[in-house]
There are 2 protein chains.
Amino acid sequence: MRPLPIGSRIGILGDGQLGRMLGCSAAMLGFDVVVMGPNEDSPAGRIAAHNICAEYTDKDALAELSVRCDVITLEFENVPVPAVQMLTDMDAKVHPGKKSLEVCQDRHLEKQFSQGCGVETARYWLIDSADTLNAALDELDGRGILKTRRDGYDGHGQVRLSTGDDAGAAYEKIGEAPAILETMIPFAGEMSVVLARSTTGEIVAFDPAENHHKNGILHRSIVPARFPADVQRRAVEAASRLIEALGHIGVLAVEFFVLEDGGLLLNEMAPRVHNSGHWTPEACLTGQFEQHIRAIAGWPLGPVTRLMDVEMTNLLGDDIDGHFGLRGPGAMTTLYGKRDARPGRKMGHVVKRLNP
Amino acid sequence: MRPLPIGSRIGILGDGQLGRMLGCSAAMLGFDVVVMGPNEDSPAGRIAAHNICAEYTDKDALAELSVRCDVITLEFENVPVPAVQMLTDMDAKVHPGKKSLEVCQDRHLEKQFSQGCGVETARYWLIDSADTLNAALDELDGRGILKTRRDGYDGHGQVRLSTGDDAGAAYEKIGEAPAILETMIPFAGEMSVVLARSTTGEIVAFDPAENHHKNGILHRSIVPARFPADVQRRAVEAASRLIEALGHIGVLAVEFFVLEDGGLLLNEMAPRVHNSGHWTPEACLTGQFEQHIRAIAGWPLGPVTRLMDVEMTNLLGDDIDGHFGLRGPGAMTTLYGKRDARPGRKMGHVVKRLNP
């Protein structure tokens with residue numbers, strides 16, 4: 001792929017805050033942005049040169065997107081694969097490609113793929129009924145985490161099971177969807193690697209982030225992560241093997257469980273810019289949003305040198321009330337332009353400089 | 001003024017690259033942007049939630065802008081003062097106000113104002129004919145710089161006169177507009193202070209930049225400036241007196257000549273974000289675009305701690321051809337989304353990290 005000339009148009013499937021931040025980064029590199037997503041008056045739609053408000057599988061809308069854009073990307077990992085197939089059938093260039101989506105959208109395929117790359121995962125059982133769940137629980141003293149194979153995010157589609165819990169009720173709770181039962185991992189911590197791969201196969205990783213969740217939603221990322229250097233190096237190596245094997249173009253996020261002995265297990269991947277990389281625009285010479293645009297545009301990747309130690313904290317729901325007044329020295333705020341601060345909804349984040 | 005709530009709408013008079021960068025910063029703080037300017041398919045218009053394409057004094061367009069926006073600002077110092085007057089007559093809130101524009105739009109008023117604040121300028125004479133020009137040149141051995149009082153930028157509207165040059169021809173060359181004749185300053189260098197003042201009167205200045213021009217256009221800014229600390233401190237003090245006296249709200253740029261003996265003379269002011277502050281988003285915790293938005297929104301100003309030494313270089317005309325390929329380690333590129341790379345036109349800039 002020849003590098004996309006300045007003034008080219010970049011299409012983004014998905015209209016949320018990630019699209020808004022990607023779109024602004026694209027604009028700062030001289031590109032125009034076309035956003036396609038299902039929501040009217042969306043965060044990303046309001047900064048785009050053109051907004052197509054439609055469901056992802058709307059063929060006419062996809063045709064318009066393909067005609068308007070020189071390259072198309074996504075900010076939402078659950079964009080239906082048939083939508084991407086329709087776009088490529090229309091000769092549109094889509095980065096990342098179908099394979100990244102297929103693998104990352106299904107926990108079973110994702111874990112199989114990861115193991116195939118030599119990156120271990122938690123042990124798991126395929127579940128398609130209360131009976132298969134009961135059989136699996138028998139092997140685990142009744143303890144495990146039931147997760148839908150598809151469409152899970154921020155803790156949705158998950159049930160934690162303890163000895164004596166009712167398998168039927170749990171399976172009903174996740175809508176009796178195809179699922180997996182994962183062993184409980186007694187992990188020491190969680191870490192993610194956000195990295196990018198260019199059209200020429202160049203791979204550049206940001207420093208790994210130490211992640212802390214609350215109610216299944218990322219609460220805080222700390223960089224540098226407080227895990228041994230060797231553990232961090234192995235995480236970057238594992239993530240690099242995965243992005244290479246996917247043939248992924250753009251930014252990919254790889255979440256790991258870190259075990260007490262320093263072992264790493266893949267938790268999950270996201271084929272896009274990621275919440276645990278939201279500290280990068282403030283702290284690094286190139287942020288994840290610009291890096292993703294550079295990658296899908298066929299440009300060389302930017303330098304990711306980190307200039308400070310940081311802590312990124314999500315602002316959920318009414319955390320943002322009066323937030324502008326709370327900004328202390330060394331705290332940098334990003335807000336997403338969402339109309340409605342529902343409880344638990346990601347509304348913004350703060351990057352705080354550590355050890356100034 | 002109460003701090004503007006998230007989701008408010010910010011109007012920008014002017015549709016160029018400064019509006020594009022301001023607009024993206026506003027979007028990252030959760031605001032929506034309405035751009036009003038005379039150009040179709042403009043850099044700023046293409047990232048705005050809404051674009052009003054009209055001349056600045058179009059009353060219907062101003063009425064629409066005032067209805068759509070919670071606060072209105074500008075990215076172009078020559079927005080006609082009557083346009084701002086019309087907006088305030090419509091009860092719109094406009095920052096910065098009329099006084100900043102009036103003073104900065106006229107070299108005579110600007111110099112008078114500066115002297116009134118105890119900030120010296122080059123000696124100058126008011127010129128309104130070839131005769132007044134001849135009389136002034138007589139006092140200066142025929143040497144000086146003739147500048148139109150209004151509408152000059154990037155070296156336009158200026159003629160450098162040497163002994164023996166024809167006054168009539170020079171005055172004709174600047175369109176026989178009201179002008180000033182300035183003495184030639186044997187300066188050691190040029191320096192600018194970009195600073196912001198909030199609605200509560202808080203003033204925060206970025207580190208001064210050392211500026212180098214080519215053909216009357218800013219070519220390069222270097223930070224930290226290589227002038228003595230005391231000279232830099234006095235420049236910040238002078239700029240602070242000026243922004244305070246203007247009652248300016250938002251970012252202001254103050255350009256100085258630095259004399260051999262460390263003395264400072266005001267060159268000119270711009271009541272807006274400024275080319276010599278284009279290094280700030282990459283190098284500082286808060287960049288000039290975000291700072292301007294924070295100021296006009298009635299928010300507390302952000303911290304301007306600088307994280308690295310930098311050199312900002314403008315990309316003019318076809319400097320941008322294939323630029324993505326030239327980005328070296330530690331070089332960060334911004335491109336403005338202009339359709340036509342005319343010779344001498346500002347198309348983008350590169351911020352390079354020094355002494356990494």
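- Between the CZ atom in R306(A) and the CG atom in L307(B) there is a gap of 12.0 Å [rounded to 0.5 Å].
- For T280(B), there are no side chain to side chain donor-acceptor pair (under 3.5 Å) partners, not counting sequence neighbours.
- In this structure, chain A has a heavy atom under 4.5 Å from the side chain of M308(B), while its backbone stays farther away.
- Residues L335(B) and L29(A) approach most closely at CD1-O, 3.4 Å, considering heavy atoms.
- Contact count versus chain B (heavy atoms, under 4.5 Å) is highest, among G7(A), G337(A), S25(A), A49(A), for A49(A).
- Remark: E311(A) engages no residue in a side chain to side chain donor-acceptor pair (under 3.5 Å) (not counting sequence neighbours).
- Closest heavy-atom contact between M28(B) and C24(A): CE-SG, 3.7 Å.
- Contact of M21(A) with chain B is made through backbone and side chain together, with heavy-atom distances under 4.5 Å.
- Looking at A27(B), the atoms closer than 4.5 Å to chain A (heavy atoms on both sides) sit in the backbone and in the side chain alike.
- Heavy-atom distances place the side chain of T305(A), and not its backbone, under 4.5 Å from chain B.
- Highest contact tally toward chain A, considering only K338(B), R339(B), M347(B), E282(B), is held by R339(B) [criterion: heavy-atom pairs under 4.5 Å].
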